2 protein chains.
Amino acid sequence: MQNKYLVIYQDLLEQIEDGIHPVDSYLPSENELKTQYETSRETVRKALTLLSQNGYIQKVRGKGSVVLPRNKFDFPVSGLVSFKELQNKLGEDVQTHVLTLNTAQPSRHIKKQLLLENDDQLVTEVIRTREINGERVILDKDYFLSNKVEGLTESIAKDSIYQYLEDTLKLSISFAKKEITVEDPTEEDRLSLDLTGFHNIVVIKNYVYLDDATLFQYTESRHRPDRFRFVDFARRHH
Amino acid sequence: MQNKYLVIYQDLLEQIEDGIHPVDSYLPSENELKTQYETSRETVRKALTLLSQNGYIQKVRGKGSVVLPRNKFDFPVSGLVSFKELQNKLGEDVQTHVLTLNTAQPSRHIKKQLLLENDDQLVTEVIRTREINGERVILDKDYFLSNKVEGLTESIAKDSIYQYLEDTLKLSISFAKKEITVEDPTEEDRLSLDLTGFHNIVVIKNYVYLDDATLFQYTESRHRPDRFRFVDFARRHH
DNA sequence: AAGTGGTCTAGACCACCCA
DNA sequence: GGGTGGTCTAGACCACTTT
């Protein structure tokens with residue numbers, strides 16, 4: 001957070017969220033910001049580029065940086081938000097149940113998902129259900145490289161694994177690949193979730209990578225269709 | 001395509017796709033590339049940042065830029081790829097049927113989606129089905145600001161509207177917001193698609209914006225669940 | 001003509017990795 | 001200690017919009 005461009009980014013973001021720069025208004029020009037923050041224009045531009053990539057502003061040549069409209073509940077969803085973060089935003093009555101937490105040799109299927117080749121790599125399996133307003137609607141199955149998640153306990157799994165990984169273990173999550181499909185419920189889905197009256201299950205497969213480009217987690221998040229919603233913001237890179 | 005950093009980007013991308021830089025290998029260092037392309041380091045870095053954002057490489061401090069593995073059919077899907085592009089990639093037997101193409105005053109629902117306030121803005125409606133291997137599995141309902149899509153004909157709609165918009169009308173699509181949910185099929189879905197045996201429909205709502213941040217298109221893409229697949233690549237911006 | 005963002009340059013110092 | 005990427009600077013020229 002000491003980086004100048006991040007400070008400017010956070011600063012402007014806060015001002016946008018506080019309504020100091022309302023939707024459809026222009027931010028101060030790059031030259032003004034350069035003076036305001038006593039920095040170079042390229043550094044200001046780095047901050048503005050970040051705002052643009054995250055969907056907060058649109059830069060228009062010859063005019064300036066316009067603040068974009070944002071539906072409060074839409075963001076941030078694209079990407080890597082954890083369930084805990086979502087829960088805080090939605091503010092509903094949500095509970096997490098930990099069904100499984102163990103470390104063992106992975107099955108062939110999991111070995112394949114995590115691209116493991118040698119046989120001595122142990123994998124930590126965490127299976128949880130998410131209960132919203134009294135109904136079990138999400139089944140999360142996480143698989144981590146064991147040596148990367150030492151000290152993972154049931155109470156952590158009940159709270160937020162990601163917070164633990166980032167804050168305590170200082171793991172630096174870098175990027176993820178997601179695949180969303182719709183499937184028929186498995187026997188496990190029917191046992192773990194309240195699916196009466198539902199014929200499908202939305203499956204989100206998530207492959208998470210660290211800063212050094214190592215794949216360290218595979219997650220299958222299985223949602224009851226009525227409780228599934230995915231929002232994405234994407235810029236076209238010509 | 002004259003921009004130096006885009007030339008470098010395209011050049012490296014081609015080399016990656018041709019296997020000159022295989023997965024897990026390192027690209028030449030920024031200093032080497034700077035010399036190779038007779039440019040400054042910041043310009044090289046712009047090209048590498050683009051590659052990184054699009055999921056082709058991972059930059060590792062102190063080491064270099066590693067080429068990431070890519071599943072052939074995965075990319076590019078996140079974001080703004082048109083059906084026509086997807087079709088070319090998948091190479092299946094695909095047909096498009098144009099059910100509706102007309103320009104008129106929009107319904108209240110569409111006015112709301114396109115954030116229209118005055119009553120004189122006309123909207124062009126295009127409804128199409130996509131037939132894959134003989135089955136109608138996707139229903140696309142597009143709504144454009146009429147004055148932005150002059151000259152849109154049925155034969156264009158049968159081919160690729162996006163190609164027409166970008167190549168002929170020179171519209172510059174900038175970004176889009178997507179929302180994916182699962183719903184019960186409507187009467188229109190049942191009539192237009194082959195849904196026997198299916199209980200749900202995947203709905204992708206898409207809001208498309210131009211370079212000047214104006215919302216100019218709203219699309220509802222309704223997929224039969226077995227034919228739906230969404231892939232996303234996302235970097236964590238700390 | 002003046003102001004805006006888009007690109008590009010030639011340096012600099014830093015943090016990190018590895019031999 | 002030498003190489004790597006991450007950040008930052010102080011300029012420059014260009015394309016575009018507005019007055």
Side-chain angles (χ1 to χ4, degrees), chain A residues 1-12 21 24-53 56-68 170-172 174-175 210-214 235-238, chain B residues 1-12 21 24-53 56-68 170-172 174-175 210-214 235-238:
Chain A
M1 179 48 63
Q2 51 222 330
N3 289 339
K4 227 176 222 182
Y5 79 94
L6 283 180
V7 171
I8 301 174
Y9 169 78
Q10 292 288 354
D11 221 33
L12 291 174
H21 303 298
D24 283 344
S25 74
Y26 285 89
L27 294 186
S29 77
E30 297 180 351
N31 270 314
E32 287 178 84
L33 291 172
K34 171 185 101 183
T35 310
Q36 240 179 72
Y37 288 98
E38 296 181 318
T39 182
S40 68
R41 205 178 133 218
E42 285 289 2
T43 299
V44 167
R45 283 178 57 72
K46 244 188 196 166
L48 294 179
T49 300
L50 247 193
L51 285 170
S52 158
Q53 281 169 352
Y56 293 99
I57 64 170
Q58 173 76 356
K59 309 183 84 181
V60 186
R61 217 206 201 86
K63 301 182 76 173
S65 300
V66 198
V67 177
L68 292 178
K170 304 289 181 203
L171 284 186
S172 185
S174 172
F175 62 94
L210 299 178
D211 260 359
D212 60 358
T214 56
R235 285 197 172 270
R236 186 151 191 137
H237 295 131
H238 300 272
Chain B
M1 181 46 65
Q2 50 222 331
N3 289 339
K4 224 175 223 183
Y5 78 94
L6 282 180
V7 171
I8 300 175
Y9 169 77
Q10 291 289 354
D11 220 34
L12 290 174
H21 303 298
D24 283 343
S25 74
Y26 285 90
L27 293 186
S29 77
E30 296 181 353
N31 271 313
E32 287 178 84
L33 291 171
K34 172 185 101 183
T35 311
Q36 241 179 71
Y37 288 98
E38 296 180 318
T39 182
S40 68
R41 204 178 134 220
E42 284 288 1
T43 299
V44 168
R45 283 177 57 73
K46 245 187 196 166
L48 293 179
T49 299
L50 247 193
L51 285 171
S52 158
Q53 281 169 352
Y56 292 100
I57 64 169
Q58 172 76 356
K59 309 183 84 179
V60 186
R61 217 206 201 90
K63 301 182 78 172
S65 300
V66 197
V67 178
L68 293 178
K170 304 289 182 206
L171 283 186
S172 186
S174 173
F175 63 93
L210 299 179
D211 260 0
D212 59 0
T214 56
R235 284 196 174 270
R236 186 150 190 138
H237 294 130
H238 299 273

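Everything quoted here is computed from the prediction, not taken from an experiment.
At whole-Å resolution of the value, NZ in B:K46 and C1' in D:dT7 are 15 Å apart. Rounded to whole Å, atom C1' of C:dT7 lies 18 Å from atom OH of B:Y9. Across the protein-nucleic acid pair, A:L33 atom CG and C:dG6 atom P stand 13 Å apart, rounded to whole Å. Distance CD (B:E32) to C1' (D:dG3): 10 Å, rounded to an integer number of Å. We find that CZ of B:R45 is positioned 18 Å from P of C:dG11, with the value rounded to whole Å. Atom pair B:Y26:OH and D:dT4:P shows a separation of 12 Å (rounding to whole Å applied). We find that NZ of B:K4 is positioned 14 Å from P of D:dC14, with the value rounded to whole Å. With rounding to whole Å, A:K170 atom NZ is found 14 Å from C:dC16 atom P.
Note that CG of A:D211 and OG of A:S174 are 5.0 Å apart. Values are rounded to the nearest 0.5 Å. Taking NZ from A:K34 and CZ from A:R45, the interatomic distance works out to 12.5 Å, rounded to the nearest 0.5 Å. Interatomic distance, OH of B:Y26 versus CG of B:D24, reported as 8.5 Å (0.5 Å rounding).
Considering A:T43, A:D11, A:T39, A:L12 as possible partners of A:L33, the one that fulfils the side chain to side chain contact (heavy atoms under 4.5 Å, CB included) test is A:L12.
Side chain A:R41 to base C:dG6: a donor-acceptor pair is found below 3.5 Å.
Contact annotation: B:T43 reaches the phosphate of C:dT9 (side-chain N/O to OP1 or OP2, under 4.0 Å). Taking only side-chain nitrogens and oxygens, B:Y5 comes nearer than 4.0 Å to OP1 or OP2 of C:dT7.
There is no side-chain donor-acceptor pair under 3.5 Å between B:N31 and B:S29.
If you find the closest nucleotide of DNA chain D to A:S40 and to A:V60, the one lying nearer the 5' end belongs to A:S40. Place B:P28 and B:E42 on DNA chain D by their nearest nucleotides, and B:P28 ends up nearer the 5' end.
Here the side chain of B:R61 is nearest to one of C:dT9, D:dC8, D:dG6, namely D:dG6. Among C:dG5, D:dT9, C:dC18, the nucleotide with an atom closest to any side-chain atom of A:K59 is C:dG5. Of the candidate nucleotides D:dT9, C:dC8, D:dG5, D:dG5 has the atom lying nearest to any side-chain atom of B:S65. Closest to the B:K63 side chain, of the nucleotides C:dC8, C:dC17, C:dT4, is C:dC17.
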